[in-house]
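Lettering follows sequence order; numbering is per chain, from 1. Quantities reported herein were computed from a predicted structural model and do not represent experimental measurements.
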Amino acid sequence: MNSVENQSRRHFLAGSSLVIGFALAPKAMALSGKTSLAQGAKTDQKQLNAFVIVSPDNTVTVLSKHLEMGQGPYTGLTQLVAEELDADWSQMRATASPADDTIYANNVFGMQGTGGSTAIANSYEQFRRAGATAKAMLVAAAAARWQVPTNSLKVVGGIVSDPASNRQATYGELAEDAAMLTPPTDVKLKDPADFTIIGAKKTRLDTPDKTDGKALFTLDHYPDNVLVAVVARAPYFNASVKRVDDKKARKIKGVVDIKPVSQGVAVFAEDTWSALQAKATLDIEWDTSNAEQRSSDEIIADYREQMKKTGFEATKRGDVAGLAARDDLEVIEAEFIFPYLAHAPMETLDAVLQKNEDGSITCFNGAQFPGQDKQAISEITGVPAENVHMEIQLAGGSFGRRAQFGSPYMREAAEVFKASGMQRPVKHLHTREDDIQGGFYRPLFIHKIKGYLDSNGEIVGWDQVIAGQPLMKKDELDETSVEGASDLPYKIENLNVFSHNTTAKVPVLWWRSVGHTHTGFVVEAFLDELLQKAGKDPIDGRLALLPKESREAGVLKAVAKLIKDKPLAQGRQRGIAVHKSFSTYVAEVADVSVGEDGCPRVHNVYVAVDCGVAVNPDTIRAQMEGGVGFGLGAILFDEIELDEGGKVRQSNFHDYRSLRINEMPHVEVDVVMSGESPTGVGEPGVPPIGPAVANAWRRLTGKPVRRLPINRYEKA
Amino acid sequence: MIAFTLNNQTIQFDGDPKTPLLWVIRDRAGLTGTKYGCGISQCGACTVHVNGMTKRSCVTPVSTIADQRVTTIEGVDGKEANAIHTAWIETDVPQCGYCQSGQVMSAVALLKQKPNPTDEDIDGAMAGNICRCATYQRIRQAIHTAAQQMEESE
């Protein structure tokens, strides 16, 4: 290996291809000795490839191409690197990578992006390879320094040693030499049997800073002379400003300017309170002539009309139509209604934008699709994309909200920034009301379904029609509307799944687990109902319909084992559901009673999850616990409703409820041992909780759940 | 002019007396650990201590805390705070982390009142703090762990 002639050039290894480029201005390292989250000041670090930086202080920083919005990729990806690097865990740090749709592409999406529970799945080999490559370079640097062959050296805990001569060097001491070397392309990865860091419980690297208030989110950036901007938006979709009277607002101390923007009226102020007050004082008349003016009830009525026609075919096997002619079958029919849902992450949407002295723009944001955001800012401000720097921040949750093709919220932030004149940095803040009423909801969906039972209680037919706004394809079958139903794992001879793309002027978006939020519910609730009708056990009945070696069967058996010695308390019922989403298999059992208010009270939830190789088992457990709590809150409480005229009724956490600690069930998780490639865990914990609770509820009350949220429509 | 103590420092605020304490802490004092979540006292992300008691700073006009002692996540200390911080890390409570300053402040105040809280005490003290990631099980566990650790170190 040779050193590089031009020391200002660095090597980047992205995937298996070598990319030579200038150093990506390495950001922001280490606040203090105790923190493992690299945010803040700079040090003299050496970047060994696109993902690994080794500093003279012997810390190793992994550049995460995935946004840390709570699901733990900073730690999981760092484990992948540390494993192959043979580093000591205490020297590992993590931070966000720069924005680059090529070097930092999600290998599933083909651009940089976080979502679809892909962070570990698409990085498993890439980040291990980055670790192995960096290790090879560090070892080669030691070999060159000591003039010995590389294979005579040993690495333990980030220290390279030469047993023959008793010499040793830390990675930090070797970093500078190693950075001059050409990265090898043929590194060998470890046998999983030799893993010591992958599969181990490692406390998340971001936990200490998230416990003492040091963790920085977008809103925590206060550049000098920053302006705060808020936008007054219509509580209707697709409305525009007809008339605005801002006289009173302009008189509020601290208000700097008020400008119209596409989304409404932007207020710029010296501080947040002045901006919020001015926004509240604006007198705006909205033009709703092009707005969505239907109420939720009217939208539902329209969808039902459309469902009378034939939709797009998603799955067709056997002869469902032929079953209707038979008189020996019992037919069970149902309609399920799912409301619009807001994501409501704790941190509302936001962005901090500033123009630098050289004319470039820096944007601080917890960006889920940072390459797209960069492009959006460029298009709106006219500053070339290569001069737009994304400083990717921790995000205070997302659940899908920050993942938007075309970057609508970043376009708004950029437009607001442009309207300000771009002379001062601008912090653009959505209020909680903006968040709840701002659309980009999980779409409202209706399912109509028929099940056919023969005289032996066998399910011989399944006829499902789905209707809702599509997320991806407007004019053909949209996979995100039917995923989880069209790939029904149960052996049912005659199966139809059809889907309608409906239209409404309500912007919609993926919401943690996307189509599975409703398909998983219908499949698992309706199947359970059929099994009960046929007098079958919910677990054995499912197992009989599943291929023996299927991973669905595996998690069902695992959860059955988990509940075996846990008798059900009096007055409670158990409901079960199993669902695959994002290639991860999850079975959940919920113990439920009827609360004093006539609503479900969920006491315990047992979870078995098969996500292949468990990179960080405790994070997997945490995501299952969180998925259960997040999903449970939604199915019990949540609905975004359009009132007559199309106005959004809900506005904040008082009427768009979140699960609270006193409503959180005890969750026990079994992570099934597996040698399969790892798959994601951010979303798959969500789909089964709804049907598990609904199935328990039906057994408790005799009432099948047909419309969500349960506490509003299905009280005992 | 309104004066109050913020983490043992005197703050003098000459702006609108109706300004919520949250924005004085963040925009003026530059302490960013205390978060905005809802602005209507529903989520608890903005929880601070005023004279040792929890307060939702997003709905607390700064005029009402004149001459009082405000503590934020950056300034909270003592054996309860230490025990909570340690237990939070051991239990790996946070996910996105945005609500956690508020959770920690509520938990520390609880332990000051009740060094050995029951599950019901925890429900009562913590139900005002929303965590959209639903880290509640670990919050409960960490509070019990912290209480136990405090008892053992006595």
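For B/Tyr36, the ring pair (Phe, Tyr, Trp, His ring centres under 6.0 Å) test picks out B/Trp23, with sequence neighbours left out. By the side-chain hydrogen bond (donor to acceptor under 3.5 Å, both in side chains) test, B/Glu80 pairs with no residue at all, sequence neighbours left out.
Ranked by heavy-atom pairs under 4.5 Å with chain A, the first of B/Pro94, B/Gly128, B/Ser101 is B/Pro94. Residue with the most contacts toward chain A among B/Met126, B/Gln100, B/His85, B/Gln103: B/His85 (heavy-atom pairs, distance under 4.5 Å). In terms of heavy-atom pairs under 4.5 Å with chain B, the best-connected choice from A/Met69, A/His654, A/Gln623 is A/His654. Comparing B/Leu31, B/Ile40, B/Thr135, B/Ile84 by heavy-atom pairs within less than 4.5 Å of chain A, the highest count is held by B/Ile40. Between chain B and the residues A/Glu347, A/Glu663, A/His666, the most heavy-atom pairs under 4.5 angstrom are made by A/Glu347. Note: B/Asp92 leads B/Leu22, B/Thr72, B/Asp92 in heavy-atom pairs under 4.5 Å with chain A. Options B/Val76, B/Asp27, B/Ile73 differ in how many heavy-atom pairs under 4.5 Å they form with chain A, and the most are formed by B/Asp27. Chain B forms more heavy-atom pairs under 4.5 Å with one residue of A/Met346, A/Met664, A/Gln71 than with any other, namely A/Met346. In terms of non-hydrogen atom pairs under 4.5 Å with chain A, the most contact-rich of B/Thr32, B/Ile122, B/Asp119 is B/Thr32. For the set A/Leu659, A/Asp618, A/Ile252, the entry with the most heavy-atom pairs within less than 4.5 Å of chain B is A/Asp618. Of the listed residues A/Arg512, A/Glu270, A/Arg660, A/Arg432, the one with more heavy-atom pairs under 4.5 angstrom with chain B than any other is A/Arg660.
In this structure, A/Ser658 and B/Ile130 approach most closely via the heavy-atom pair OG-CG2, 3.4 Å. Minimum heavy-atom separation, B/Gly37 to A/Phe653: O-CE1, 4.1 Å.
Interface remark: B/Ala45 contributes side-chain atoms only to the contact with chain A (heavy atom separation under 4.5 Å). Only the backbone of A/Ala395 has a heavy atom closer than 4.5 Å to any heavy atom of chain B. Only the side chain of A/Thr348 comes within contact range of chain B, judged by heavy atoms closer than 4.5 Å. Of the two parts of A/Gln277, only the side chain, counted from C-beta on, holds a non-hydrogen atom closer than 4.5 Å to a non-hydrogen atom of chain B.
Atom CD of B/Glu90 and atom OG1 of A/Thr207 lie 12.0 Å apart (nearest 0.5 Å). Here SG of B/Cys96 is found 6.0 Å from CZ of A/Phe399. Values are rounded to the nearest 0.5 Å. Here CD1 of B/Ile89 is found 8.5 Å from OG1 of A/Thr203. Values are rounded to the nearest 0.5 Å. Annotation: the span from B/Asn129 atom CG to A/Ile661 atom CD1 amounts to 8.5 Å, rounded to 0.5 Å. To the nearest 0.5 Å, atoms SG (B/Cys38) and CG (A/Asp435) are separated by 11.5 Å.
A/Lys210 is not listed as a side-chain neighbour of B/Gln95, based on a closest heavy-atom distance of 4.5 Å or more.
In this structure, B/Arg132 contributes its side chain and A/Gly396 its backbone to no donor-acceptor pair below 3.5 Å.
More than 12 heavy-atom neighbours from other residues, nucleotides or ligands sit within 6.0 angstrom of NZ on A/Lys202. The neighbour count for B/Met1 CE, taken as heavy atoms of other residues, nucleotides or ligands under 6.0 Å away, is above 12.
Residues of residues 137-146 of chain B that come within less than 4.5 angstrom of chain A, heavy atom to heavy atom, are B/Gln137, B/Arg138, B/Ile139, B/Arg140 in numerical order. Taking non-hydrogen atoms and a 4.5 Å limit, the residue list of residues 218-230 of chain A in contact with chain B, ordered by number, reads A/Leu219, A/Asp220, A/Tyr222.
The pair B/Arg28-A/Asp271 meets the salt-bridge criterion, with a side-chain N (NZ, NE, NH1 or NH2) lying under 4.0 Å from an Asp/Glu carboxylate O.
A donor and an acceptor atom, one from each side chain of A/Trp273 and B/Asp16, are located under 3.5 Å apart.
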